[in-house]
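Everything on this sheet refers to the single structure shown next.
No hydrogens, no waters, no symmetry mates; every other heavy atom, side chains included, goes into these values. What you see is a predicted model; the values in this text were computed from it and never measured.
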Amino acid sequence: MANLLAVIAAGDLTTQAVLAAEALRKAAATLGHRIDVELRTSLGTQSPLDAAALPAARGVILVGDGDLGEERFAGLARTTAGLDAVLTNARAVLETAIGAAPAGTRSTPAPATAGPSRIVAITSCPTGIAHTFMAAEGIQQAGTELGHTVRVETQGSVGARDTLTEDEIRDADVVLIAADTQVDLSRFAGKRVFQSGTKPAINDGKALVRRALAEAKPLGGAVPLADAVSAGKAERAAQRSGPYKHLMTGVSFMLPFVVTGGLLIAIAFALGGIYVYEESNAGTLGYALFQIGAKAAFALMVPALAGYIAFSIADRPGIAPGMVGGMLASSIGAGFLGGIVAGFIAGYGTAFLNSHIRLHRNLEGLKPVLILPLLGSLLTGLLMIYVVGTPVAEALAWLSAWLKGMQGSSAILLGLLIGAMMAFDMGGPVNKAAYAFSTGLIASQVYAPMAAAMAAGMVPPLGLALATKLFADRFTHDEREAGNAAAVLGIAFITEGAIPFAARDPLRVIPALMAGGAITGAISMAVGAELKVPHGGIFVLPIPNAVTHLLGYVVALVVGTVVTAVALRILKKPVAGLAAAKPDAAGAGAHA
């Protein structure tokens, strides 16, 4: 009996690929041989070949013209065949392969390399801005200093940059994923993969690279077609932060719709006034922009949120049920709260169905495109309509009415809370919780929390930048230089610009940042400022109607920045070297 391997690359011809694989298995059984078949189609990789099985194989059959991963089979006798040839006469293809591979043929394992390794990496964070690139820089510098070759792809809010090529992935010794959101791993099937969040890459890149090289595990195994694109899902779920990570994935995909819709609505108001949406203005540019922003971009906010929460949990089969649930949440008035609920129902429901529905291998191709989307949508839709939709809609209506009616001390208290949370961990879970809450309320036309959140998020880097100028003796030379960059990050609403300062002296810096952020949030809520765009920093302030009570909003930002700087002056001690230098300089002046 001969042990054979086969790889079928069929692109969009999924059904033909499954039939060809079955034909090879039947022919092998008839001839008394054993064959393992890997399928590569547009739906992903099914049953990837186990690297441990290669040394015992007698030969490999390469079927099709796509990416067959041939580099794995060095030392194995290879036979090529067309997909049609296998479907027509699989037995003849097998006999040709056995005749081309003598009985003693075995693969030669590649020699282990003790030298530099080739590392490819992906970094990503929920908003796709600072943490993404800070993690990329940490991995790049650490890998280079350790003597390895490193290529990093960043998946930010503007899309992927420095995208890894097929050749780079093929030649890589290890794949390092440093991400706080869902990353598609289908192109790394068969590679050694190590996963972590962005913080290890930022805080200690060298330690992360060493762990990746030591602990990375091959991605893949014998899994059904519907599960191939989610290989390693259970391990990722255990290593990451569970529901929080899924929520942040949904928020990150929702943000472009919120930003686009908010800006278009603001521009529409600027061109046609606050009643631009009325039918009497139909045909004007302002009316058209309002339709694009409010009726299209904003209408997709909640479906995108729900769809990608479900995607984070159940991969591609969860997108349709999640978006269907999100649309239902919007239609019944459940808003972003309903979208969150729908996303988790769709995600966990679809994942449950995927793990419990077992089909013949010839029908596995139907699961991701027909069975799971259909059953998942039914489950999510029925639960939203008959069970959870109405209570969630009532809860959102109560919350919206309460927030819109907040005045005086209640508004100030909420502003203090949002502001302190935004400044506490500068892009971490607490910050993102406040930001996600504020962003979600935009879909319900509640804009005041968003104004408080953005202003408070700008204050930490701005306050630090001001403090490095006014109270330079409290900061090292490197920190004073970093203050210039912090100012730029602050005006762009990138709170992460404060991280390097907080990391060096957290017990003094973080309370100062929280004080400034809380004051800013409180003033913003007290003056009734509203913000219709969830990002952009000061660059959205000149847009008419993007921010209401603009003067009070600017005052809140300035006061919070000053409070942060003064608090830093009080809490931080003078840097030893600078404090010692001042008396010397004074003494020199006196003697002179």
Side-chain angles (χ1 to χ4, degrees), residues 403 406-427 430-431 434-435 437-438 447-472 474-475 483-499 501-502 505 508-543 546-572:
L403 289 173
M406 287 183 65
Q407 295 179 352
S409 59
S410 297
I412 292 173
L413 181 61
L414 179 61
L416 285 168
L417 178 62
I418 291 176
M421 290 176 68
M422 290 297 296
F424 174 67
D425 53 0
M426 295 146 285
V430 176
N431 170 285
Y435 182 69
F437 170 76
S438 304
Y447 304 111
M450 188 67 251
M454 188 170 85
M458 295 165 65
V459 160
L462 289 176
L464 281 160
L466 180 61
T468 59
K469 303 302 180 186
L470 298 182
F471 314 115
R474 261 59 178 174
F475 300 91
N484 299 323
V488 177
L489 295 172
I491 64 174
F493 182 35
I494 301 177
T495 316
E496 290 89 342
I499 289 177
F501 299 87
D505 193 5
R508 295 182 177 87
V509 172
I510 291 178
L513 303 184
M514 291 179 66
I519 291 295
T520 298
I523 295 175
S524 176
M525 291 293 293
V527 302
E530 296 183 336
L531 176 66
K532 297 179 174 64
V533 186
H535 221 293
I538 67 167
F539 302 104
V540 302
L541 302 188
I543 300 174
V547 184
T548 63
H549 301 284
L550 181 58
L551 179 59
Y553 192 68
V554 172
V555 169
L557 185 59
V558 172
V559 171
T561 300
V562 173
V563 168
T564 298
V566 172
L568 288 166
R569 166 64 176 79
I570 295 172
L571 295 176
K572 282 182 68 65

| remark: CD1 (I412) and CG (L417) are apart, to the nearest 0.5 Å, by 14.0 Å

| Looking only at heavy atoms, which two atoms of A423 and P460 are closest? And how far apart? | CB-CG, 3.8 Å

| said: Quick one: does any side-chain atom of R569 pair with a main-chain N or O of F471 as donor and acceptor, under 3.5 Å? | reply: no

| remark: Closest heavy-atom pair, A434 versus M421, reported as atoms and distance to 0.1 Å, is CB-CB, 3.8 Å

| Side-chain heavy-atom pair N484, K469 within 4.5 angstrom cut-off | yes

| F501 vs T468 side-chain heavy atoms within contact, under 4.5 Å | yes

| field | Backbone N/O of T520 and side chain of S524: donor-acceptor pair under 3.5 Å | value | no

| request: Locate the shortest heavy-atom distance separating A451 from A529; write the atom from each residue and the value. | output: CB-O, 3.6 Å

| How about I494 and V488: do any of their side-chain heavy atoms sit closer than 4.5 Å? | no

| Given side chains that start at C-beta, do those of L462 and T564 come closer than 4.5 Å, heavy atoms only? | no

| remark: In short, L466 meets A565 closest at the heavy-atom pair CD2-CB, 3.8 Å

| task | Could you tell me which non-hydrogen atom of G419 sits nearest to which non-hydrogen atom of A456, and how far apart they are? | result | CA-CB, 3.4 Å

| Is T495 reaching over with its side chain to a backbone N or O of G457, donor-acceptor style, under 3.5 angstrom? | yes

| note | The side chain to side chain contact (heavy atoms under 4.5 Å, CB included) partner of Y553 among L531, V558, T548 is L531

| said: Quick one, L557 with V459, criterion side chain to side chain contact (heavy atoms under 4.5 Å, CB included). Give me CA distance, side-chain angles, the key distance, then yes/no. | reply: CA-CA 7 Å; L557 185 59; V459 160; 4.0 Å; yes

| message | For a side chain to side chain contact (heavy atoms under 4.5 Å, CB included) check, start with the C-alpha distance between M454 and V540, then their side-chain angles and the critical distance, and finish with the verdict. | response | CA-CA 11 Å; M454 188 170 85; V540 302; 3.9 Å; yes

| said: Assess the residue pair F539 and I491 against the criterion (side chain to side chain contact (heavy atoms under 4.5 Å, CB included)); give the C-alpha distance rounded to whole Å, side-chain angles, the decisive distance to 0.1 Å, and a yes or no. | reply: CA-CA 8 Å; F539 302 104; I491 64 174; 4.1 Å; yes

| Derivation of the side chain to side chain contact (heavy atoms under 4.5 Å, CB included) call for N431 and F424 | CA-CA 7 Å; N431 170 285; F424 174 67; over 6 Å; no

| query | Mind checking whether F493 and Y435 have parallel, tilted or perpendicular rings, split at 30° and 60°? | reply | tilted

| How far apart are the closest heavy atoms of L416 and A518, and which atoms are they? | CD2-O, 3.4 Å

